[in-house]
Amino acid sequence: MNQKNIRVRFAPSPTGPLHIGGVRTALYNYLFAKKNGGKFILRIEDTDQTRFVPGAEDYILEAFDWCGIEFDEGVSKGGPFGPYKQSERKNLYKAYADELIAKGYAYYAFDTAEELAHLRKQYEAEKKTFTYNAAVRQNLNNSLALPAEKTQRLLDDKTPYVIRFKMPDDRMVRMNDLIRGAVEVNADVLDDKILFKSDGMPTYHLANVVDDHLMEISHVIRGEEWLPSMPLHILLYEAFGWEAPEFAHLPLLLKPDGKGKLSKRDGDRLGFPVFPLQWRDPKTGETTRGYREDGYFPEAFINMLALLGWNPGDEREIFSLDELAEVFSIERVGKSGSRFDPEKARWFNHQYMMKMDDEDLADLFLPVLVEKGYMTDRDFIVEVIGLVKDRAHFVHELWEQSDFFFKAPDEFDPKAVKKRWKTNSYDQINELKEVLTAIDDFSSENVEAVVKAWIEEKEYGLGAVLNAFRLVIVGALKGPHLFDIVALLGQEETLRRLEIGLHELGRKES
RNA sequence: GGUCCGUUCGUCUAGCCAGGUCAGGACGCCAGGUUUUCAUCCUGGUAACACGGGUUCAAAUCCCGUACGGACUACCA
């Protein structure tokens, strides 16, 4: 009874394309909400005007749309707690900062960025770390150190200032993380973080806490990089007299090799996407590949991401989004970072490829065929897909697995020719032509039966004839069951290819 | 440097909380099988508890330390 409503949020900053680590964070939030009958909110955290990138917000929306992740509330969706973009909530944060000052939990600071940078350098030269905290704040340019009249004069003169949190100097902050358990930090190693910037915008810390409270967020599920600021946030809730949400800090996604977290460079270097969608940088015009454009199915992409850091506790690996939502639990999220494995990503896509309906695949394959200039009967395409889809990892690989269904070979693989086009091949294929011409029922089974009977009767080698046969039909020693191919191609086309093959390959002299 | 978090096959991981199984599965890799071919597929194999102490009859599992890795340490999020 009385259990708080579950409300979680994903709060990206629109500074560029969404990294797959971000997608995974959003996914876990989504799954947690769905599993617990809660709400999932999308909030845009654009309090840093200098880092705004045009198109980034649309990218985020489009990426989730592609993934099939839906929000209950948020930008472009609306909801009772809007607006959901922090720049549109700008005028509401200052009052909260003022409240903290009034209660003695925060103060004005007039130090310039240059002064602080200088101080940091000085400390560094002495091999010390500069921390803006209780130990030094009395010697700096702020409302705690200055006489009240001086502070008031600076304020009246419109001197630029920031508002800092007054970090307690002797206080053990005890916290709980849903994934890591108890965590405790002594506040005296923390610094007086800026809550409100001189440009009139709040920093992440203030905006995040205020909005999470106002939006009645029950669980904050976010990346591990936020773990070090959890004490600040807890203290902020405390200062406001608000009940803090539960926290869960997700482990990072790591590079496939070497050390460190997965970055865009790793994708470029190793040849796999790091972003869900292709992204064109508006400044440089540089284009970065995406999972969608690389041919991944959104279902496979999501499935792969979900299993990176979470597992169901049994040996299942293939899950739809709905199935994930049913079995997901935050307790089963691992503590350690997960190395991203591009090979396994491919494997997931292959699993979905094989499961996918031939008709649906035909819809996806059709544009590829049109582009190649082979517009064919749709039923034919569906048949082809049924024969080759198990062999491909991606839709675009369907073409290399099936090109011979759409055109007679324009060249014959030299290695295959050397291996399988022997002295007597010409005569045998020529004779096969007669055999095939005489067949009325050109079904796979019947052609196979007739051809095999003929080979047996003539005592030709099965492998010799069939491989030469495949060579002239396909152009290489590859592809599905040969008789399935010729049945689908039809009698006329099969005979035509035999003709072409005989002409091109000719009689091999011994 | 400081703070915090982490560490089971090459990789993703189960097992740890409630110590007792040849440490299980998947990807990859290797071998065999199926196939007239290639791919798929099937079967089998390969391979791990970071290290050192302690507690205990018994430690991957609990405790301490060490090493290594990571994140954070901005008027960025």
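Letters A, B, ... are given to chains in the order of the sequence lines, protein chains preceding strands, and every chain is numbered from 1. Keep in mind that this is a model prediction, so the values were computed, not measured.
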Inter- and intrachain pairs under side-chain hydrogen bond (donor to acceptor under 3.5 Å, both in side chains), touching residues 446-466 of chain A, at least two apart: E431(A)-W454(A), E431(A)-K458(A), E431(A)-Y460(A), E448(A)-K452(A), E448(A)-H481(A)
Contact list for residues 330-345 of chain A, test salt bridge (Lys or Arg N to Asp or Glu O under 4.0 Å), sequence neighbours left out: E317(A)-K344(A)
Euclidean distance, M175(A) CE relative to F247(A) CZ, rounded to 0.5 Å: 9.5 Å
Between P of rU11(B) and NZ of K255(A), the distance in whole Å: 16 Å
D192(A)/K166(A) ion pair, N-O < 4.0 Å: no
Nucleotide paired to rG52(B) in any strand shown, Watson-Crick or G-U, under 3.5 Å: rC64(B)
G-U wobble or Watson-Crick pairing nucleotide for rU34(B) (cut-off 3.5 Å, both distances): none
Pairwise salt bridge (Lys or Arg N to Asp or Glu O under 4.0 Å) hits with a residue in residues 113-125 of chain A, at least two apart: none
Touch class at under 4.0 angstrom, heavy-atom based, for S338(A) against every strand present: sugar-phosphate
B/S/- contact track for nucleotides 16-24 of chain B, protein heavy atom under 4.0 Å: --------S
Ring centre gap for Y291(A) and F275(A) strictly below 6.0 Å: no
Partner nucleotide of rA47(B) by Watson-Crick or wobble geometry (both distances under 3.5 Å): none
Separation of atom CG in D484(A) from atom P in rU35(B), rounded to whole Å: 15 Å
Partner set under salt bridge (Lys or Arg N to Asp or Glu O under 4.0 Å) for R269(A), not counting sequence neighbours: D257(A), D266(A)
Ring centroid separation F348(A) to F297(A) under 6.0 Å: no
All pairs passing side-chain hydrogen bond (donor to acceptor under 3.5 Å, both in side chains) where residues 17-27 of chain A contributes a residue, at least two apart: none
Audit row: H393(A), N349(A), side chain to side chain donor-acceptor pair (under 3.5 Å) steps and yes/no: CA-CA 6 Å; H393(A) 283 69; N349(A) 214 60; over 6 Å; no
Members of residues 13-29 of chain A that approach RNA chain B, where some heavy atom sits under 4.0 Å away: S13(A)
Any strand: nucleotide that pairs with rC72(B) via Watson-Crick or wobble, under 3.5 Å: rG2(B)
Separation of rA26(B) P from D341(A) CG (nearest whole Å): 15 Å
Nucleotide rG2(B), atom C1' - distance to OH of Y123(A) in whole Å: 14 Å
Sugar-phosphate only, base, or nothing, as touched by R316(A) at under 4.0 Å among non-hydrogen atoms: nothing
Nearest-Å distance once atom C1' is located in both rA67(B) and rG53(B): 14 Å
Sugar-phosphate, base or nothing in reach of R180(A), heavy atoms under 4.0 Å: sugar-phosphate
Ring centres under 6.0 angstrom apart (Y28(A), W310(A)): no
Inter-nucleotide C1' distance (rA23(B), rU13(B)), Å rounded: 13 Å
Spacing between H249(A) atom NE2 and rA77(B) atom P, to the nearest angstrom: 16 Å
Test log, rule salt bridge (charged side-chain N to carboxylate O under 4.0 Å, His left out), inputs D46(A) and K85(A): CA-CA 7 Å; D46(A) 55 349; K85(A) 193 187 290 194; 5.1 Å; no
rU11(B) - base-pair partner by Watson-Crick or wobble geometry, distances under 3.5 Å: rA26(B)
Interatomic distance at C1', rG28(B) relative to rC64(B), whole Å: 38 Å
Whole angstrom value for the distance that separates P of rC76(B) from CG of N208(A): 15 Å
Reading 5' to 3' through nucleotides 68-73 of chain B, protein heavy-atom contacts under 4.0 Å coded B for base, S for sugar-phosphate only, - for none: -SSSS-
Table please: side-chain donor-acceptor pairs of residues 194-201 of chain A below 3.5 Å, with sequence neighbours left out.
from: K197(A); atom 1: NZ; to: T47(A); atom 2: O; distance (Å): 3.0
from: D199(A); atom 1: OD1; to: M201(A); atom 2: N; distance (Å): 2.9

Touch class at under 4.0 angstrom, heavy-atom based, for K335(A) against every strand present: sugar-phosphate
Interatomic distance, F348(A) CZ vs rU11(B) P [rounded to whole Å]: 17 Å
Between rC4(B) and rU43(B) - P atom distance, rounded Å: 49 Å
Sugar-phosphate, base or nothing in reach of D188(A), heavy atoms under 4.0 Å: nothing
Separation of atom CZ in F52(A) from atom P in rC76(B), rounded to whole Å: 17 Å
Gap in Å between the two C1' atoms, one belonging to rC27(B) and one to rA48(B), rounded: 15 Å
K197(A) side chain near rC76(B) phosphate (N/O to OP1/OP2, under 4.0 Å): yes
Pair D413(A)-K415(A), salt bridge (charged side-chain N to carboxylate O under 4.0 Å, His left out): steps then yes or no: CA-CA 6 Å; D413(A) 175 25; K415(A) 259 197 249 163; over 6 Å; no
Over all atoms of both residues, closest heavy-atom pair of D169(A) and D188(A): O-CB, 3.0 Å
Sequence-aligned protein contact record of nucleotides 36-48 of chain B, with B where the base is within under 4.0 Å of a protein heavy atom and S where only the sugar-phosphate is: BBBBSS-------
Whether W226(A) and H205(A) hold their rings parallel, tilted or perpendicular, with breakpoints at 30° and 60°: perpendicular
R164(A) side chain to A109(A) backbone, donor-acceptor under 3.5 Å: no
Watson-Crick/G-U partner (both atom distances under 3.5 Å) of rG20(B): rC57(B)
Under 3.5 Å on both distances, the Watson-Crick or G-U partner of rA77(B): none
Members of residues 300-311 of chain A that approach RNA chain B, where some heavy atom sits under 4.0 Å away: L307(A), L308(A), G309(A), N311(A)
Pairs where residues 465-480 of chain A contributes a residue and the test salt bridge (Lys or Arg N to Asp or Glu O under 4.0 Å) is met, not counting sequence neighbours: D403(A)-K478(A)
Nearest-nucleotide comparison on RNA chain B, the residue closer to the 5′ end among V183(A) and D314(A): V183(A)
Test salt bridge (charged side-chain N to carboxylate O under 4.0 Å, His left out) applied to K90(A) and E88(A), step by step: CA-CA 5 Å; K90(A) 181 178 174 182; E88(A) 292 171 11; over 6 Å; no
Whole-Å P distance, rG19(B) and rC62(B): 9 Å
